[in-house]
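Please read the structure below before turning to the comments.
For ligands, and for the atoms within them, numbers begin at 1 and follow the listed sequence.
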Amino acid sequence: FTTEAGLYTASDQVVVLTPDNVDSVLVNSTAALVVEFYASWCGHCIAFSHVWKSLASDIKEWKPAVDLAAIDCANQDNGPICSRFGVRGYPTLKFFHAYSKPDSKGEGFRGFPRNVRDLRRKIIDKMETHAEPWPPACPPLETASRAELDNFFETNSVGHLALLFETSNSYVGRELTLDLLQYENIAVRRVLSTEDGLVAKLNVTDFPSCYLYYPSGIFTRLHVQLEARTFYSYALQRLPGVVRAGKPLPVTSDLAKNTTEDQLRPFNRSRVYMADLESTLHYSLRMELAAHPVIKGEALSALQRYISVLAKYFPGRPVVNNLLKSVDTWLKGEKDTELSYSSLRDALDNTAEVPNAALPEGVRWVGCQGSKPHFRRYPCGMWTLFHVLTVQAEEAADKDPQEVLQVMRSYIHSFFGCQACATHFENMAQESMSHVGTLSSAVLWLWSHHNHVNNRLAGALSEDPHFPKIQWPSPELCPSCHGVKNGEHTWNQEELLTFLRSHFSSEHHLSDYLE
Ligand code: FAD
């Protein structure tokens, strides 16, 4: 009896261990690892897998220093590995130091907590007491003294030093240090409230609070909406000159103007542009679908439903809406079981019979511009289009709460050119799309799953350094969407809904750069 499907997939931030990779992952790694040994049939493990996945996305920035892994001991192929590490009960957690030897069995986490915050703290405790050799990517986690800080810039060439003042039982400073470890040009140190000299010098009265210290000797307080880890992280990651390691420094807009390739159209980052939505339609209908000379079966049904949803909800200019409606009517009248792309193309372009109906040719990316031609553009437009459609369907009080999401799912599955993206999206859809029971939860489903994708792609090669993948919207864009409960970041769903309805609403679309 073999259980093939484990509890984790490639879209989680968890390394899935197998007989083929176990040694290369655990032995001599430059990062420490925490491994969950589980059995996929065990109810506790199924419940715990949600915590492990949330923890993995919560501490994904820590990967170069400490990473999470999991292995399904119910999979027959993995059995010998679980025996080798002496695992008898599930779930078991083991900590493997960086540079572990092949015979290391890892250190057990006895009676480990079952929530993200306490597990994260437990991992920090382990990292702090990590034996030599220390994982090279892990910054110092101990508290900083005044003497160290006085000479800091003599030995460190960063532009910003963030000092997190806190009490000795607080973990925020160490969490923040690890959150920023992949970012260049910034260092974070924790300073205890008992470090009287510094506390007095900066006149620090709040613990925690964060101050920026510059080579010129100037200190300034970091202003955040709430004094909590996530707010500090959002703010520090976006300081000028701070960039994810390995990424080129974003050029300033003045510099960008000097080169044709990098020239960006001026635009407002906090708005949705109709030019992006029309460009997405052009690319989808005239480029992506053209790769399918004959459309039939499941794909034909996906296409019909896509056009029908566009005809119903696309909040476009009258000419575009007229065109979508005429294509929809034509498609509904087609009784053949196969459709040639060329006939669809004729219906899109040959609008002589339908007055005032046309879809502009070509793309003009505005909010979806990338700093290089291979960044952003169409996939950005696709997300934006479907966020707009879920919001439009809610506004129209449509009867079927799943309609737009299911249309997106089938379009992505049948046509989206990035096949790995389509597979990941389908996995997410299978897991939870059918639970969506109201139009507002459809809006929130797409928001939260888009954030899931952002989380997975943060720091990936496809990330435009000018547009880092964040858990969106940022506190600057929607202050009331963010909150803190028991020291942990929370999203305020009511406020989010209000924000999403307004951000994606047709009333707020900008029509600059339209032909
Ligand atoms: P995008 O993620 O494209 O977002 C576009 C805009 O939407 C942002 O600028 C922001 O204004 C807004 N936004 C951001 N987050 C949210 C949110 N949570 N809710 C509402 N609005 C938001 N690329 C891969 O490399 N691997 C994948 O597996 C992958 N899967 C994808 C699956 C789908 C269905 C789609 C449409 C795209 C996928 N992509 C994938 C592409 C990737 O998600 C980005 O679209 C692409 O990298 C461009 O990123 P971007 O910076 O323009 O922001």
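Close N/O approach between H424 and ligand 1 is found [any backbone or side-chain N/O within under 3.5 Å]. In terms of polar-atom proximity, R456 is counted as a contact of ligand 1, with an N or O under 3.5 Å from an N or O of the ligand.
Scanning all protein heavy atoms for the shortest distance to atom 23 (N) of ligand 1 gives L457 CD1, 3.3 Å. Residue, atom and distance of the protein heavy atom nearest to atom 41 (C) of ligand 1 are P379 CB, 3.7 Å. At the shortest separation from atom 29 (C) of ligand 1 among protein heavy atoms lies C421 SG, 3.1 Å. Distance from atom 6 (C) of ligand 1 to its nearest protein heavy atom, with residue and atom name: C380 SG, 4.1 Å. The closest protein non-hydrogen atom to atom 49 (O) of ligand 1 is K469 NZ, 3.0 Å. Atom 11 (O) of ligand 1 has its closest protein heavy atom at W472 NE1, 3.6 Å. Looking only at heavy atoms of the protein, atom 48 (C) of ligand 1 is closest to R376 CA, 3.7 Å.
With respect to the salt-bridge test (charged N to carboxylate O, under 4.0 angstrom), the residues R286 and D349 qualify. Comment: E488 engages R120 in a salt bridge, judged by a side-chain N to carboxylate O separation of less than 4.0 angstrom.
Looking only at distances, a side-chain donor or acceptor of S49 sits under 3.5 Å from a matching main-chain atom of I46. Not a single donor-acceptor pair under 3.5 Å links the side chain of E61 to the backbone N or O of L181. Side-chain atoms of D398 never come within 3.5 Å of backbone atoms of A393 as a donor-acceptor pair (strictly under, hydrogens ignored). At distances below 3.5 Å, at least one donor-acceptor pair connects side-chain atoms of N21 with backbone N or O atoms of V16.
The distance from ligand 1 to the heavy atoms of S462 drops below 4.0 Å at these ligand atoms: 25 (O). Close approach of ligand 1 to V453 is summarised as follows: ligand atoms under 4.0 Å from at least one heavy atom of the residue are 43 (O). Counting the atoms of ligand 1 from 1 in the order shown, those under 4.0 Å from a heavy atom of I412 are 34 (C).
The aromatic rings of F96 and F37 sit tilted, their planes meeting at an angle between 30° and 60°.
The closest heavy-atom contact to atom 13 (N) of ligand 1, among the options H449, H413, H450, comes from H450. Considering F504, F386, F425, W383 only, the shortest heavy-atom separation from atom 44 (C) of ligand 1 involves W383.
By the 6.0 Å and 45° rule, R174 stacks over the aromatic ring of Y171.
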Which atom pairs, donor and acceptor, lie under 3.5 Å between side-chain atoms of residues 494-504 and protein residues at least two apart or in another chain?
unit_1 : atom_1 : unit_2 : atom_2 : d
E495   : OE1    : S480   : OG     : 3.0
T498   : OG1    : E494   : O      : 2.9
R501   : NE     : E394   : OE1    : 2.8
R501   : NE     : E394   : OE2    : 3.3
R501   : NH2    : E394   : OE2    : 2.8
S502   : OG     : H508   : ND1    : 3.4

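Using 4.0 Å as the threshold, N454 has a heavy atom nearer than that to some atom of ligand 1.
With sequence neighbours left out, the side-chain contact (heavy atoms from CB on, under 4.5 Å) criterion links A187 to F152, V158, L161, R189.
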